[in-house]
Amino acid sequence: MANSRGSDPQYNGDGEALGRIEPGTDVDLARAEISPPSDRFSLQVQTLLRGVNPKPVSDFRRASEIAAGKMLVVPKAA
Amino acid sequence: MKPKSVTELFNEAMDAWIAGIESYPGEIYPELVYAVIREMRIDFYCAVSCNIAFDVLELADRIGLASKYLVPEKELVFNILAQLPAPQELKTEDQFYTIAQIVDKVEAVYPGALARLERRWQGKVGHNHAA
């Protein structure tokens with residue numbers, strides 16, 4: 001898991017706010033969540049989704065937001 | 001799960017789009033290809049934000065092959081370029097440099113690409129940028 005660095009965690013939802021991640025840090029997406037999500041596809045492209053595995057696309061979008069220093073949230077352990 | 005670099009994840013995202021085009025159940029048509037490229041705009045913005053200087057020519061070639069060369073490669077290249085974030089959307093010197101690297105590679109093959117992009121970007125400044 002990428003180390004949490006920086007400060008000003010602001011997340012008050014169900015997860016644990018970790019603060020900001022430095023750009024270039026590898027991201028363990030199995031544990032990472034960000035809010036708000038940015039993995040919505042347009043309706044037109046949803047016609048393709050039977051062939052597209054949307055997970056790699058949403059993984060990249062989430063990872064890039066994390067790498068760009070946006071808020072990272074780790075969900076609470078079950 | 002082993003942590004992955006953002007570049008690896010970008011490549012996997014592009015692979016997913018290409019696979020989606022390849023396995024489209026019906027007959028591919030140009031507007032669908034353009035719609036996918038427009039959808040990739042977010043990914044291009046994310047890539048530039050993370051300083052990933054991806055290869056537009058290679059990506060266009062892969063999309064062309066996946067769509068059975070329905071759209072000329074040059075048109076795919078310029079469609080991808082049109083989805084890149086404009087300089088006024090960028091925040092750091094590194095991101096400017098990344099865009100320059102991406103465009104330079106295209107300019108070497110398609111001279112005039114940069115001038116065309118600059119006209120487009122100037123038009124964005126002239127109009128309501130948020131629109």
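The chains referred to below are lettered A, B, ... by the order of the sequence lines, with proteins before strands, and numbering in each begins at 1. Computed from heavy atoms alone, side chains included, the values below leave out hydrogens, waters and symmetry copies.
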- prompt: Checking heavy atoms, do the side chain of B/Ile18, its backbone, both or neither come under 4.5 Å from chain A?
  reply: neither
message: Between B/Leu65 and B/Leu57, is there shared hydrophobic-cluster membership here, with clusters defined by ILVMFWY side-chain heavy atoms closer than 4.5 Å?
response: no
- request: Is it possible for you to say whether B/Val77 and B/Tyr69 belong to one hydrophobic cluster, with membership spreading through side-chain heavy-atom contacts below 4.5 Å?
  value: no
message: Could you tell me if the side chain of A/Ser64 sits less than 4.5 Å from the side chain of B/Ser49, heavy atoms only?
response: no
- prompt: Taking C-beta and beyond as the side chain, do B/Ile42 and A/Arg61 meet within less than 4.5 Å on heavy atoms?
  reply: yes
- line: Most heavy-atom pairs under 4.5 Å with chain A, out of B/Ala16, B/Ala19, B/Ser23, belong to B/Ala16
task: Looking only at non-hydrogen atoms, find the nearest pair between B/Leu9 and A/Phe60 and report the distance.
output: O-CB, 3.6 Å
query: Roughly how far apart are A/Asn53 CG and B/Trp17 CH2, rounded to 0.5 Å?
result: 10.5 Å
query: More than 12 heavy atoms of other residues, nucleotides or ligands under 6.0 Å from OH of B/Tyr97: is that the case?
result: no
